[in-house]
Amino acid sequence: MEIPKAYEPKEVEGRWYPFWEQSGFFSPESTTDPKAKTFSMVIPPPNVTGYLHMGHALNHTLQDVLARWRRMAGDRVLWLPGTDHAGIATQMVVERQLAAEGVKRQDLGRDKFVERIWAWKEHSGGTIQKQMRIVGDSVDWSRERFTMDDGLSNAVKEVFVRLYDEGLIYRGEYMINWSPGLQTAISDLEVEMKPVKGKLYYIAYPIGAAANTPVEGLAEAYEAANSESVPRPSGSGSGYLKTDAGEFIVVATTRPETMLGDTAIAMNPDDAGSEGRYAAVVGKKLVLPLVGTEISFIQDEVVEKDFGTGFVKVTPAHDPNDFAMGKRHNLEFIQVIGKDAKMTDAVPEKYRGLDRNEARKAVVADLEALGLLLKVDEYTHNVGHCQRSGTVVEPLISMQWFMRMKELAEPAIAAVRDGRTKFVPESTAKIYFNWLENIQDWCVSRQLWWGHRIPAWHTPAGEIVVARDEAEARERLKAHGLDSTVELREEQDVLDTWFSSQLWPFSTLGWPEETEDLKKFYPTDVLITAFDIIFFWVARMMMMGLKFMGEVPFRTVYINALVLDPQGQKMSKTKGNVIDPLDVFAKYGTDAARFALTSASTAGMTLALQESKLETSRNFANKIWNATRFVLMNCDEVLEAQEPVDWETELSQPELADSWILSRLSRVALDVHSGLGEYRFHEAASVLYQFFWNDFCDWYIELSKPFVTAKESTPQSLAVKRRIIYVLERSLRLLHPIMPYITEELWQRLPHKGETICTAEFVSHNSAQLDGRAEREMALVIEIITKLRNIRASFNIAPSVLLKAVIAPADANAREVISGMGDHIKRLARLEDLQLVEKLEVTRGAARAVVSGAEIAVPLEGLVDFDKERARLEKEIGKLTNELAGLEKRLGNADFVARAAAEVVETSRQRAEELTDQIAKVNATIESL
RNA sequence: AGGAACGUAGCUCAGUGGCUAGAGCAUUGGUCUUACAAACCAGAGGCCGUGGGUUCGAGUCCCACCGUUCCUACCA
């Protein structure tokens, strides 16, 4: 049988997914064993508008590795796929489309607009699903869910009503983050703080009478008062000015336009005390410039004495801190900026309708004209931006729906503390605790059209009734003795998308119905996700799972790394360094990309995607391809049988290399199991890589060549071929979870059992095959061959020149091993003659080497440069002596011998003896030169 | 401001308190050895950030410092 010389991923990958999907291998029902354990995961639902980014590629690969591994290991596996409706993102996509047609959503009306979104979803929403099929995700498509599905929408209503009934959801007027860009409230988590270069304006507010005419010289007075050279009168602070024009206080602000809504000036109580620097102004009244209203001083602990002048203007309707102060001091709340980010009618006429930025300019100009603008400093400060639209968030007081979080958070904290859910890596649990322990109420309402409508109805009298549907709303009205026949207006607001996502682990399984799936698959085994949604999603799912299922939603949360670009930079559209995973998959092959991602998944929190790692992985795929190609080209008589190869049914005795490779294979199976079982993905990948490449290809296949390529078939050559196929076929099975396509392709060409490698039995380790002795003996053979090659290389002897070697084994066992493997040693070290002796004679003109089980001499009459040889051996001695010195120091320490584990002391002793012996031998060799 | 993580070969990273600190890439020398030049063979390359401490023993545990990165909160 002949296959292409190099692996062509494109030729192979397209073929298998449709076969797998159509055959239903990824359904839990494909497991026929009724006693099979279940293994379930829900996918972190990507946005329905989304496309796969590098983070998904990693996240999905790791989930798929686990799913495929558990499936092959015999579990009933459910990996449930789906998408979320991404309220804001999706609405924006469709709005943009409409804008291209010159239509606004308001022109269409709510119902038509929502219809339009559904239509968009039907036609363009499937990108991510297509891409998941490219990655090879072994999800059960028959159970795919969408957060806006009927079932999931019911779950949302049910949860909302129950939480409301328990008082955990409430409606109220509070300060929220308003996104003028999106025209909706957003939650604290959706606000991104970004440093912005702005200005700090120092403004004078007159005490007593209004300053209707420009005040002269105030700025100079302020400067003088704050100058270091002029001693400040005791008891007076820099924020208080007394001039011929009257008394003034000075405040510093980054947002002068909000002064139009000031209803107090605050200072720290210390400054107001009888000893305080601003005692003189306490109790006096101020006049708000440009507006003319009278405002008072208040005292509040939150005011920092050291910042600015120590006076703070208080705008309770436009700043979260001022809002809190306003509540504490019963201040008036004047909304001067509207939801459109323009000035409201509450401000003097000339500012009305101005955008908040224009208003700032106007206010600053007018203050300057009045002589009240004293100073402007350059000032960089953090400003809240809307994550989605990028506009500056406006803190506004607004009527919204909130979820009370504190009492929901407590059980979620406890569940991780007592280990019902485990975070991997462990340090990520701290992120979780930290957030939940400082949790704030969650603003869940959004002023959007796309999403789950809040199940609430308003009566004409202004009553609000929360219910699952209108009929129930009327019943509830009746139950409260209210008129149930009035006209009801349905609540306009929808819920934050995360409100439905937080129900994902059970709503997708049919909740609130008590379905079979729910019983079978909840709680899920593991959730794999990225650390940036621990708050948004993981913590909230924990709270909801515990609340409504009475049980954690997942046993383990594995936080996968953040994928960085090759320079270690975070990928971002603005930086332009985003790598499209599909490009990577196309360039290197899906299996190679998956292998690279898996082997880069160490305990760290970041993962820089190196080109070299992808190349290495591509080469690995090619290696797998070619190793199989070698077999396919040379083992026709075994392949023709097309029956699974059984190691034990062979005629000839296995030799050392056979026991060795079996032992290695068993150990690898063990390591892959434990690696994946403990989420050490890197370990599983690297163990497989090293086994397949170094052990199987470099040694086992090389050792097999004389038999495999022999022209005549003998019982022995047949046995060797069968064994090589046996090991290869099992290696493919072990590799399949990480590299699904190439392994399926090659496995199908080898003798195998079953329809697909996807459901072939995973190789479990066989302790009867673990053979420490064979591994030690093979190590001796490998070391001897390596030393011989080393001698050849150091003396620049061409591979075509055959050498003679004399070996003195250290003991009878070593002699047996070396003599048994003599032919192999001769061939692989390119010797024409190998002689075993009791003791090496002192022969001049021979290169020498010492390994722990033997001494080696290679007569090189006329070829040896004695100085070079001496240098080589002295270097060897240096190494050995160094190591021995360390050991002797340790062994010379009485405390070590007395206190260290007996085993450790013993191995140290043995090693020291070995080293002493070797050093003596190498020394003798040097002397003999 | 508070918290967390990370500093190991030129680069990217592994490394269970004790068996010679490893891998891939890069690098040096050699090779078309009938699967693979995306390969094969053999090398070289390490005060494990710095300074203390715990311990018989520290790359590994503790403390401090230096450096890098991230998260949370936000002062007008």
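Values in this document were obtained by computation on a predicted structure and should not be read as measured data.
- Distance noted for atom P between B/C41 and B/U54: 49 Å (whole Å).
- Within 4.0 Å (heavy atoms only), A/N893 reaches sugar-phosphate atoms of the nucleic acid but no base atom.
- Phosphate proximity of B/A42 to A/R792: absent, as no side-chain N or O sits under 4.0 Å from OP1 or OP2.
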Footprint string (nucleotides 69-76 of chain B, 5' to 3'): B base within contact, S backbone only, - free, heavy atoms under 4.0 Å: --SS-BBB

Would you list the protein and nucleotides 30-35 of chain B atom pairs, both N or O, that sit under 3.5 Å from each other?
residue	atom	partner	partner atom	Å
B/A35	O3'	A/R629	NH1	3.0
B/A35	O2'	A/N626	OD1	2.4
B/A35	O2'	A/R629	NH1	2.8
B/A35	N7	A/K705	NZ	3.2
B/A35	N6	A/C697	O	3.4
B/A35	N6	A/E702	OE2	3.1
B/A35	N3	A/N626	O	3.1
B/A35	N3	A/A627	N	3.3

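- Remark: C1' of B/U16 and OH of A/Y679 are 19 Å apart, rounded to the nearest angstrom.
- Comparing A/E683 and A/M605 along RNA chain B, the residue whose closest nucleotide (by nearest heavy atom) sits nearer the 5' end is A/M605.
- In this structure, the salt bridge (charged side-chain N to carboxylate O under 4.0 Å, His left out) partners of A/D271, at least two apart in sequence or on a different chain, are A/R277.
- What separates CG of A/L828 from C1' of B/C41 is a distance of 11 Å, to the nearest Å.
- The cationic group of A/K199 does not satisfy the cation-pi geometry with A/Y379, failing either the under 6.0 Å distance to the six-membered ring centre or the 45° limit from the ring axis.
- In this structure, A/E615 places its CD atom 14 Å from C1' of B/C11, rounding to the nearest Å.
- To the nearest angstrom, P of B/A5 lies 19 Å from CG of A/N560.
- Comparing the same atom, P, in B/U28 and in B/A44 gives a spacing of 16 Å after rounding to whole Å.
- Counting only Watson-Crick or G-U wobble pairs whose defining distances are both under 3.5 Å, the stems of 3 or more consecutive pairs in RNA chain B are B:1-7 with B:66-72, B:10-13 with B:22-25, B:27-31 with B:39-43, B:49-53 with B:61-65.
- Side-chain contact between A/V851 and A/T786 is absent, with no heavy atoms from C-beta onward closer than 4.5 Å.
- Of the candidates B/U20, B/A38, B/G43, B/G43 carries the atom nearest the A/N790 side chain, counting heavy atoms from C-beta on.
- To the nearest whole angstrom, the two P atoms, one in B/G51 and one in B/G15, are 25 Å apart.
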Which atom pairs, one a donor and one an acceptor, fall under 3.5 Å between side chains of residues 594-603 of chain A and the rest of the protein, sequence neighbours left out?
residue	atom	partner	partner atom	Å
A/R594	NE	A/I738	O	3.0
A/R594	NH1	A/D64	OD2	2.8
A/R594	NH1	A/V135	O	2.9
A/R594	NH2	A/D64	OD2	2.9
A/R594	NH2	A/P737	O	2.8
A/T598	OG1	A/R594	O	2.7
A/S599	OG	A/F595	O	3.0
A/S599	OG	A/A596	O	3.3
A/S601	OG	A/L597	O	3.0

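- Taking atom P in both B/A76 and B/A5, the straight-line distance is 30 Å, to the nearest Å.
- Distances shorter than 4.0 Å separate none of the side-chain N or O atoms of A/R890 from OP1 or OP2 on B/G57.
- OP1 or OP2 of B/A5 has at least one side-chain nitrogen or oxygen of A/K430 nearer than 4.0 Å.
- Heavy-atom neighbours of A/K575 NZ from other residues, nucleotides or ligands within 6.0 Å: above the threshold of 12.
- Looking at every heavy atom in both residues, A/P320 comes nearest to A/M175 through N-SD, 3.3 Å.
- In this structure a side-chain-to-backbone donor-acceptor pair under 3.5 Å is missing from A/N626 to A/R629.
- Distance from the side chain of A/H682 is smallest to B/A14 among B/C19, B/A14, B/U12.
- Counting heavy atoms from C-beta outward, A/I919 and A/T881 have side chains that approach closer than 4.5 Å.
- Distances shown here put a side-chain N or O of A/T786 below 4.0 Å from the OP1 or OP2 atom of B/A42.
- A/L746 places its CG atom 13 Å from the C1' atom of B/C36, with the value rounded to the nearest Å.
- Distance A/E888 CD to B/U20 P: 14 Å, rounded to the nearest Å.
- Proximity note for A/K875 (side chain, C-beta onward) versus B/A14, B/G45, B/U20: the nearest is B/G45.
- Taking the C1' atom of each, B/A1 and B/U55 are spaced 37 Å apart, rounded to whole Å.
- For the pair A/L915 CG and B/U20 P, the interatomic distance rounds to 8 Å; values are reported in whole Å.
- Aromatic ring pairs are classed by plane angle as parallel below 30°, tilted from 30° to 60° and perpendicular above 60°; the pair A/F311 and A/F297 is tilted.
- Here the separation of B/A14 from B/C61, taken at their P atoms, is 14 Å to the nearest Å.
- When only modelled atom types and interatomic distance are considered, A/E906 and A/Q910 share a side-chain donor-acceptor pair under 3.5 Å.
- Using a 4.5 Å cut-off on side-chain heavy atoms (C-beta onward), A/D322 and A/K313 make no contact.
- Nucleotides B/U50 and B/U8 are separated by 15 Å at their C1' atoms, to the nearest Å.
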Contact list (N/O, under 3.5 angstrom) for nucleotides 21-24 of chain B vs protein:
residue	atom	partner	partner atom	Å
B/G24	O2'	A/T616	OG1	2.5

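- Here A/T907 lies out of heavy-atom contact (under 4.0 Å) with every strand.
- Not a single salt bridge (charged side-chain N to carboxylate O under 4.0 Å, His left out) links A/D671 to another residue, sequence neighbours left out.
- Residues in residues 882-892 of chain A take part in these salt bridge (Lys or Arg N to Asp or Glu O under 4.0 Å) pairs, two or more places apart or across chains: A/E883-A/R911.
- Side chains of A/V312 and A/I265 form no contact here, defined as non-hydrogen atoms less than 4.5 Å apart.
- Legend: side-chain hydrogen bond (donor to acceptor under 3.5 Å, both in side chains) pairs involving residues 792-801 of chain A, not counting sequence neighbours, sorted by first then second residue: A/N790-A/S794.
- Between A/E913 and A/R909 there is no salt bridge, since no side-chain nitrogen of the basic residue lies less than 4.0 Å from a carboxylate oxygen of the acidic one.
- Atom CG in A/N882 sits about 14 Å away from atom C1' in B/C47, given to the nearest Å.
- Between A/Y432 and A/F535, a ring centre-to-centre spacing not shorter than 6.0 Å is recorded.
- For the salt bridge (charged side-chain N to carboxylate O under 4.0 Å, His left out) test, no residue two or more places apart in sequence or in another chain qualifies with A/E192.
- The residue A/R618 sits close to a base: some heavy atom pair falls under 4.0 Å.
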Under 3.5 Å, which protein N or O atoms sit close to an N or O of nucleotides 59-64 of chain B? Give each pair with its distance.
none

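- Listed by chain and number, the residues in a salt bridge (charged side-chain N to carboxylate O under 4.0 Å, His left out) with A/R618 amount to none (sequence neighbours excluded).
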